[in-house]
Colleague: 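Quick one: this structure, given as structure tokens, is what I'll be asking you about.
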Amino acid sequence: MLDIKFIRENKDLIKDAAKRKKVVLDVDRLLSLDIKRRSLISEIDALRYEHKISSEKIITLSGEKREKFTEQLRDEKNNLVHKEYDLRAVETEYNELMLLVPNFLDPTVPDGESDADNKEIRAWGEIPDFKKIGGRTYLEIMEDLDMVDLERGVKVSGFRGYFLKNEAAKLSLALWQFCLDFLAKKGFVPMIAPSIVKKDNLIGTGWFPQAEEDVYKTQDETYLAGTAEVAVMGYHKDEILSKNDLPKKYVAFSPCFRREAGSYGKDQKGLFRVHEFFKIEQIILCRADHQESVRFHEELTANSEEIMQLLKIPYRVVINCAGDLGLGQVKKYDIEAWIPSEGKYRETHSSSYFHDFQTRRLNIRYKDEEEKIKFAHSLNNTAIATPRVLEALLENHQKPEGKFEIPEVLKKYM
RNA sequence: GGAGGGAUGCCAGAGUGGUCUAAUGGAACGGUUUGCUAAACCGUGGGGACCAAAAGUCCCGCGUGGGUUCAAAUCCCACUCCCUCCA
């Protein structure tokens, strides 16, 4: 959500952002509703005031005079109710449109249609010769060492189901612990966050209404979140933090659920795209300052890069093009791990900042140095996502003799 | 599963249809005073409309959402959460 005052004054910026992000939105319609809405509010406020004043007079009257005056008050009230009805209709449409207004883009964001147009900004690590290191896909390695059972996974869980077994189970736990420890040492508060969340958190983080079809709904009107970002952002909903509370840094573990609607053809076999996975997510709330957002965005990205480096997985960082950005994201970097069997990089991390887009929807504010109340800024980035990362980890660390070696940093956790 | 009681501002707590413009106390923040600290005194508190802005005026906010009424913290309905007791 953006400030309506900002939208009013930066109409063209919003139109441009909508166009580049491929969002269908009638900005002019929104602005005309805004004008109607405000004029009705003014009118209603004035009518309420008059009505209140006249209502108080009634106490001094009695008998027939009182009857007559009550009649008059009833008419006044009727008029007011009609106006309020009009306002409600205007506001319903206004609110719907407001949820579709995209955040503007950082000037460094390139144009583009999809993830194919994302631009590499740096790469790390030496790309191994796939044939020389063993030439086997992660599924071949895992099946050979009895680390995965996809058939029974599908039997039990349905399409995209899986069981991780033996070393894969241990490896997952080790990765989680390593990442949680690593970020806790950097001052992030470790959390285990709920995956079952109420709708307002999904609207608040900007997942709804846009990505509603990708989220599982329960029979209790709750939802299964696709990331801990949703719950952790909801953690401070409706709060006013003090200036000393910021920045808030959290590292949260949670199971994640995604319907993967609209991706039926993609990655059908394996662990890269599954309905149920586990993720450790970094979340930051900071002061409402662009420079600060940028600084923390780089920091979050650097943290994940450090994790990849310690795991010795070759990767590259791309800056996402406008068409690949969510409604609320001002700028996003993806970290893509090198997948030897596919001979290309694939996304394992996603690092974004939102300015006050999420906090405005979630009503997360703070008092600044001048005791002014402002919406905080928010950011998030993946720390590690399993089982997805296993693909890169196993393939890059395989040995010709059919084994694989785990990175040094994980050894103490296994 | 059943029966009661409750939810008021940052906290405690009064208010059961019309001067509630939500009393009072405490905390916090800002200010005055002060050599410094404490105390004392004054002020402030969330959202919104009008306004270039400030000032100011007004509207909304007593768990949430509806309703009754000229008028609702107060009455009615539904929901959420908390507490007590019974099984």
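Within every chain, numbering begins at 1; the chains are lettered A, B, ... in the order of the sequence lines, protein sequences first and strands thereafter. All values below were derived from every heavy atom in this structure, side-chain atoms included, with hydrogens, water molecules and symmetry-related copies excluded.
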Colleague: Just one of A:Met233, A:Arg365, A:His377 clears the side chain to side chain contact (heavy atoms under 4.5 Å, CB included) bar with A:Thr359, so which one?
Modeller: A:Met233

Colleague: Base, sugar-phosphate alone, or nothing: which one does A:Ser55 contact when heavy atoms must sit under 4.0 Å apart?
Modeller: base

Colleague: Using atom NZ of A:Lys52 as one end and atom P of B:G61 as the other, report the distance to the nearest whole Å.
Modeller: 10 Å

Colleague: Does B:C81 have a Watson-Crick or wobble mate here (both distances under 3.5 Å), and if so which one?
Modeller: B:G6

Colleague: When both hydrogen-bonding distances must be under 3.5 Å and the geometry is Watson-Crick or G-U wobble, what is B:G1 paired with, if anything?
Modeller: B:C86

Colleague: When we call it a touch if two heavy atoms are under 4.0 Å apart, what does A:Ile373 touch: a base, just sugar-phosphate, or nothing?
Modeller: sugar-phosphate

Colleague: Measure CD/A:Glu50 against P/B:C70 and give the value in whole Å, please.
Modeller: 18 Å

Colleague: Is the phosphate of B:C50, meaning OP1 or OP2, less than 4.0 Å from a side-chain N or O of A:Arg38?
Modeller: yes

Colleague: When you measure from the centre of the six-membered ring of A:Phe277, is the NZ or CZ of A:Arg388 under 6.0 Å away and within 45° of the axis?
Modeller: no

Colleague: Taking for each residue the nucleotide of RNA chain B with the nearest heavy atom, is it A:Asn363 or A:Arg88 whose nucleotide lies nearer the 5' end?
Modeller: A:Asn363

Colleague: Pick the P atom in B:C83 and in B:U69, then give their distance to the nearest Å.
Modeller: 38 Å

Colleague: Rounding to a whole Å, what distance do you find between A:Asp34:CG and B:G48:P?
Modeller: 13 Å

Colleague: Considering only the C1' atoms, how many Å lie between B:G63 and B:G5, rounded to the nearest integer?
Modeller: 16 Å

Colleague: Of the nucleotides B:A49, B:G18, B:C59, which has the atom closest to the A:Ile58 side chain?
Modeller: B:G18

Colleague: Take atom P in B:A23 and the same atom in B:G43, then report the distance between them in whole Å.
Modeller: 13 Å

Colleague: Could you work out the separation of B:U64 and B:G56 based on their C1' atoms and round it to a whole Å?
Modeller: 34 Å

Colleague: Determine the interatomic distance between P on B:A40 and the same-named atom on B:C81; round to the nearest Å.
Modeller: 44 Å

Colleague: In the structure shown, which nucleotide is the Watson-Crick or G-U wobble counterpart of B:A12, with both distances under 3.5 Å?
Modeller: B:U24

Colleague: Please give the nucleotide sitting opposite B:U68 as a Watson-Crick or G-U wobble pair, both distances under 3.5 Å, or none.
Modeller: none

Colleague: Could you give the OH-to-P distance, from A:Tyr366 to B:C29, as a whole number of Å?
Modeller: 19 Å

Colleague: Can you confirm if the NZ or CZ of A:Arg152 lies within 45° of the ring axis of A:Phe163 and under 6.0 Å from the centre of its six-membered ring?
Modeller: no

Colleague: May I have the distance from A:Arg37 (atom CZ) to B:C60 (atom P), rounded to whole angstrom?
Modeller: 17 Å

Colleague: Whom does B:A54 pair with, Watson-Crick or G-U wobble, provided both distances fall under 3.5 Å?
Modeller: none

Colleague: Ring centres of A:Tyr353 and A:His355 under 6.0 Å apart?
Modeller: yes

Colleague: Answer yes if the ring centres of A:His236 and A:Tyr250 are under 6.0 angstrom apart, and no otherwise.
Modeller: yes

Colleague: Return the value, rounded to whole Å, for the distance between atom NZ of A:Lys68 and atom P of B:C70.
Modeller: 18 Å

Colleague: Give me the distance, rounded to whole Å, that separates B:G31 from B:A38 when you measure between the P atoms they each carry.
Modeller: 14 Å

Colleague: Would you say CD of A:Glu84 has more than 12 non-hydrogen atoms from neighbouring residues, nucleotides or ligands within 6.0 angstrom?
Modeller: yes

Colleague: Can you identify which nucleotide, out of B:A49, B:G47, B:C60, has its nearest atom closest to the A:Arg365 side chain?
Modeller: B:G47

Colleague: Rounded to whole Å, please give me the gap between NZ in A:Lys372 and P in B:G30.
Modeller: 16 Å

Colleague: Which value, in whole Å, describes the distance between the P atoms of nucleotides B:U84 and B:C29?
Modeller: 35 Å

Colleague: Using the C1' atom as the reference point in each nucleotide, state the distance between B:U24 and B:C82 in Å, no decimals.
Modeller: 26 Å

Colleague: Let me know the distance between OH of A:Tyr85 and C1' of B:G66, rounded to the nearest Å.
Modeller: 15 Å

Colleague: For RNA chain B, determine which residues of residues 70-84 of chain A have any heavy atom closer than 4.0 angstrom to one of its atoms, and list them numerically.
Modeller: A:Thr70, A:Leu73, A:Arg74, A:Lys77

Colleague: Given that both distances must come in under 3.5 Å, which nucleotide forms a Watson-Crick or G-U wobble pair with B:C41?
Modeller: B:G31

Colleague: Which pair of heavy atoms, one from A:Pro387 and one from A:Leu164, lies closest together, and at what distance?
Modeller: CB-CD1, 4.2 Å

Colleague: Looking at A:Ile196, I'd like to know if its CD1 atom is crowded, meaning that more than 12 non-hydrogen atoms belonging to other residues, nucleotides or ligands lie closer than 6.0 Å.
Modeller: no

Colleague: Mind checking whether A:Phe188 and A:Leu300 have side chains closer than 4.5 Å, heavy atoms only?
Modeller: yes

Colleague: If you find the nucleotide of RNA chain B closest to A:His51 and the one closest to A:Arg8, which residue's nucleotide is nearer the 5' end?
Modeller: A:Arg8

